[in-house]
Protein chains: 2
Amino acid sequence: MPPPTDLIRQTPLFRGLDDSALRSVIAEARGSRLPAGNILFHQNDALARLWVVTAGRVQLFQLTPEGHQVILHIAGPGQEVGLLPALTDAPSPVSARAVEDSSLLAWRAEDFRALMRGHPQLGFNAIAILGEHIRLYQDRIRELTTERVERRLARTLLRLAKQLGKRTPEGVLIDLPLSRQNLAEMSGTTLYTASRILRGWEDAGIVSSGRERVVIRSPHKLVTIAEDLQR
Amino acid sequence: MPPPTDLIRQTPLFRGLDDSALRSVIAEARGSRLPAGNILFHQNDALARLWVVTAGRVQLFQLTPEGHQVILHIAGPGQEVGLLPALTDAPSPVSARAVEDSSLLAWRAEDFRALMRGHPQLGFNAIAILGEHIRLYQDRIRELTTERVERRLARTLLRLAKQLGKRTPEGVLIDLPLSRQNLAEMSGTTLYTASRILRGWEDAGIVSSGRERVVIRSPHKLVTIAEDLQR
DNA sequence: GCGGCTCTTTGCGCTGGCGCAAAGACGCGG
DNA sequence: CCGCGTCTTTGCGCCAGCGCAAAGAGCCGC
């Protein structure tokens with residue numbers, strides 16, 4: 001199976017590269033597969049590679065000593081994984097796990113850095129990507145310190161819909177196996193509270209959810225909750 | 001007053017530059033002063049400059065529509081402010097305010113980017129700095145979702161001590177005007193809870209605090225609380 | 001050295017959200 | 001198509017932390 005050139009061309013990390021640059025990038029890539037549930041790396045691992053997801057979903061998370069999992073990001077096709085450790089030689093602050101059967105392209109960190117020296121655009125792209133993450137994290141910190149669970153859960157769903165949403169006749173499907181537990185780990189709450197809130201929304205016709213599945217029937221009402229405009 | 005060359009040399013953003021590069025960097029800098037309490041910029045401003053703090057403290061924060069303030073970072077001498085907007089042309093996600101009388105050096109964003117093209121080391125430094133922020137934000141998100149207020153407050157103080165701590169006969173002084181309100185805005189709690197917890201630590205001899213002032217008498221005990229090892 | 005502003009403390013009542021326990025629903029694999 | 005493992009729901013009791021209100025303390029400027 002050849003590397004999916006079109007996908008690479010649209011990957012934010014490789015945006016703006018000319019065809020010859022793209023060819024040298026692709027020449028260095030190695031493909032691999034990661035079945036659902038498998039770990040790509042653990043937090044504190046020293047990584048020698050940078051990955052780009054080509055299919056599936058890879059979850060970035062941290063595990064506390066007490067065993068609580070916190071989901072920080074979900075990378076879908078076209079998104080990179082392990083960028084920060086590849087660029088800074090520091091161990092990874094997060095762990096990565098496939099939540100679906102996934103395919104990845106990998107570059108050795110040193111090869112990627114060599115590419116960066118030859119193509120400064122890569123450096124600007126990397127900065128833009130890191131910057132985007134910073135903004136998202138700052139938003140989450142603000143939400144966690146100032147907002148109630150219901151609002152945060154609404155925001156989590158809206159973020160997921162924006163990133164991984166799929167239009168269907170019944171509404172916007174979050175295209176990802178997504179348990180109440182996962183939702184809690186993304187919103188800063190517990191399994192129980194997430195379940196109760198989702199039940200309420202179900203009754204209000206805002207979402208329609210099942211086992212590891214959420215469909216947003218009324219994105220508008222969800223925005224209303226996220227922005228606290230209901231009353 | 002000439003630009004403080006030694007400080008610039010030690011600034012993470014300018015690390016590893018040779019003398020001639022450093023000279024061209026300094027040649028482009030403009031100094032300015034910002035009295036305590038003054039705003040440098042607001043969130044959503046399009047910034048045309050990048051700053052480095054040379055004296056004082058500059059607080060980066062967000063304000064919610066409800067009027068709650070969340071403090072995301074405090075930049076002291078040698079730390080940059082406005083790096084992300086200067087590099088990405090996006091509006092600033094945060095506001096910045098001097099919490100002490102401060103002095104800054106400023107570069108026009110376009111001048112800085114020109115310097116970056118000539119000195120790739122600047123790009124790597126920028127990436128390392130953004131990466132450091134990402135790590136800190138990820139840690140805070142994990143703490144906010146899994147830890148109790150007391151632990152988070154302990155961590156906040158330890159972080160401040162590491163960054164701005166000053167050894168004194170009575171202990172490590174957080175060298176910054178720091179109200180209970182500020183502490184709450186950094187830890188994700190309220191003025192009242194922060195006050196009560198600090199009172200408890202005072203009685204236990206762990207800290208010694210006054211009006212906008214905190215001294216850590218026993219960093220070790222504070223670590224014990226932050227790591228939840230007490231019992 | 002006085003007045004006033006701001007910061008801090010603390011009593012009190014309240015509630016959002018936690019988390020156990022147990023029952024119910026779903027769907028995969030054999 | 002049956003059984004089992006996993007995910008979800010919900011009753012229930014509890015408490016950490018919130019936030020008002022009011023008093024107290026500290027500091028600055030005149």
Side-chain angles (χ1 to χ4, degrees), chain A residues 35-37 64 66-71 99-101 143-154 156-157 174 176-204 207-215 225 228 230-231, chain B residues 35-37 64 66-71 99-101 143-154 156-157 174 176-204 207-215 225 228 230-231:
Chain A
T64 69
E66 291 82 19
H68 293 119
Q69 177 173 300
V70 179
I71 299 176
V99 288
E100 293 178 357
D101 291 341
E143 292 161 18
L144 284 164
T145 58
T146 64
E147 297 176 4
R148 308 234 152 136
V149 170
E150 190 178 26
R151 270 182 94 171
R152 301 203 305 263
L153 197 57
T156 297
L157 279 187
I174 309 290
L176 171 83
L178 186 69
S179 67
R180 304 290 179 273
Q181 176 72 39
N182 295 156
L183 228 28
E185 288 163 353
M186 285 186 247
S187 313
T189 181
T190 60
L191 159 59
Y192 310 105
T193 300
S195 176
R196 282 185 259 258
I197 290 174
L198 236 61
R199 197 75 204 22
W201 290 347
E202 182 103 42
D203 293 347
V207 304
S208 157
S209 69
R211 194 187 167 94
E212 302 200 318
R213 213 182 81 96
V214 180
V215 178
I225 293 169
D228 198 27
Q230 307 108 315
R231 85 197 76 282
Chain B
T64 70
E66 291 82 18
H68 292 119
Q69 177 173 302
V70 179
I71 298 175
V99 288
E100 292 179 357
D101 292 339
E143 293 162 17
L144 284 165
T145 56
T146 64
E147 298 176 4
R148 309 238 151 136
V149 171
E150 189 177 26
R151 267 182 95 171
R152 300 204 306 263
L153 198 56
T156 298
L157 278 186
I174 311 288
L176 170 83
L178 186 70
S179 67
R180 302 293 177 272
Q181 176 72 40
N182 294 155
L183 228 28
E185 288 163 354
M186 285 186 248
S187 311
T189 182
T190 60
L191 159 60
Y192 310 107
T193 300
S195 176
R196 282 184 257 258
I197 290 173
L198 236 61
R199 197 74 204 22
W201 289 348
E202 181 104 41
D203 293 348
V207 305
S208 157
S209 68
R211 193 190 168 93
E212 302 202 316
R213 212 182 82 96
V214 179
V215 178
I225 293 169
D228 198 26
Q230 305 108 320
R231 84 196 83 278

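Contacts with DNA chain D (heavy atom under 4.0 Å) in residues 196-203 of chain A: A:R196, A:R199, listed by number. Taking a 4.0 Å limit (strictly below) on heavy-atom distances, residues 176-191 of chain B reaches DNA chain C at B:S179, B:R180.
For the pair A:Q69 and A:T64, the minimum side-chain heavy-atom distance is 4.5 Å or more. By the 4.5 Å heavy-atom criterion applied to side chains, B:E185 and B:V70 are not counted as neighbours. Side-chain atoms of B:V215 and B:I174, non-hydrogen and from C-beta on, never get closer than 4.5 Å to each other. Between B:L198 and B:L153, the closest side-chain pair of non-hydrogen atoms falls below 4.5 Å.
Looking at A:S209 and A:R180, their side chains do bring a donor and an acceptor atom within 3.5 Å of each other. With hydrogens and angles left out, the side-chain atoms of B:E66 and A:T146 include no donor and acceptor closer than 3.5 Å.
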query: After noting the C-alpha distance and the side-chain angles of B:L157 and B:L183, does the key distance pass the side-chain contact (heavy atoms from CB on, under 4.5 Å) rule?
result: CA-CA 8 Å; B:L157 278 186; B:L183 228 28; 3.9 Å; yes

task: Could you please spell out the steps behind the side-chain contact (heavy atoms from CB on, under 4.5 Å) verdict for A:N182 and A:I71?
output: CA-CA 8 Å; A:N182 295 156; A:I71 299 176; 4.2 Å; yes

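Closest heavy-atom contact between A:E212 and A:S179: OE2-CB, 3.9 Å. Between B:S187 and B:R152 the shortest heavy-atom distance is O-NE, 2.8 Å.
Here the OG1 atom belonging to B:T189 is positioned 9.5 Å from the CZ atom belonging to B:R196, to the nearest 0.5 angstrom. Atom CG of B:L178 and atom CZ of B:R213 lie 11.5 Å apart (nearest 0.5 Å). Note: A:M186 CE to B:T145 OG1 = 12.5 Å, rounded to the nearest 0.5 Å.
Counting 5' to 3', DNA chain D first comes under 4.0 angstrom of a heavy atom of chain A and last does so at the ends given by D:dG5 to D:dC12.
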Could you pull out the protein-nucleic contacts involving nucleotides 25-30 of chain C (nitrogen or oxygen on both sides, under 3.5 Å)?
from   : atom 1 : to     : atom 2 : distance (Å)
C:dC26 : O2     : A:R211 : NH1    : 2.9

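Taking the C1' atoms of five terminal pairs at each end of the helix from C:dG1-D:dC30 to C:dG30-D:dC1, the two resulting helix axes are inclined by 50°, rounded to 10°.
Comparing B:E150 and A:E212 by the nucleotide of DNA chain D whose heavy atom lies nearest to each, the residue mapping closer to the 5' end is A:E212. Take the nearest nucleotide of DNA chain D for A:S209 and for A:R148: the residue whose nucleotide is more 5' is A:S209.
Listed by chain and number, the residues in a salt bridge (Lys or Arg N to Asp or Glu O under 4.0 Å) with B:R148 amount to none (sequence neighbours excluded).
The only option from B:D228, B:I225, B:T193 that meets the side-chain contact (heavy atoms from CB on, under 4.5 Å) definition with B:E150 turns out to be B:I225.
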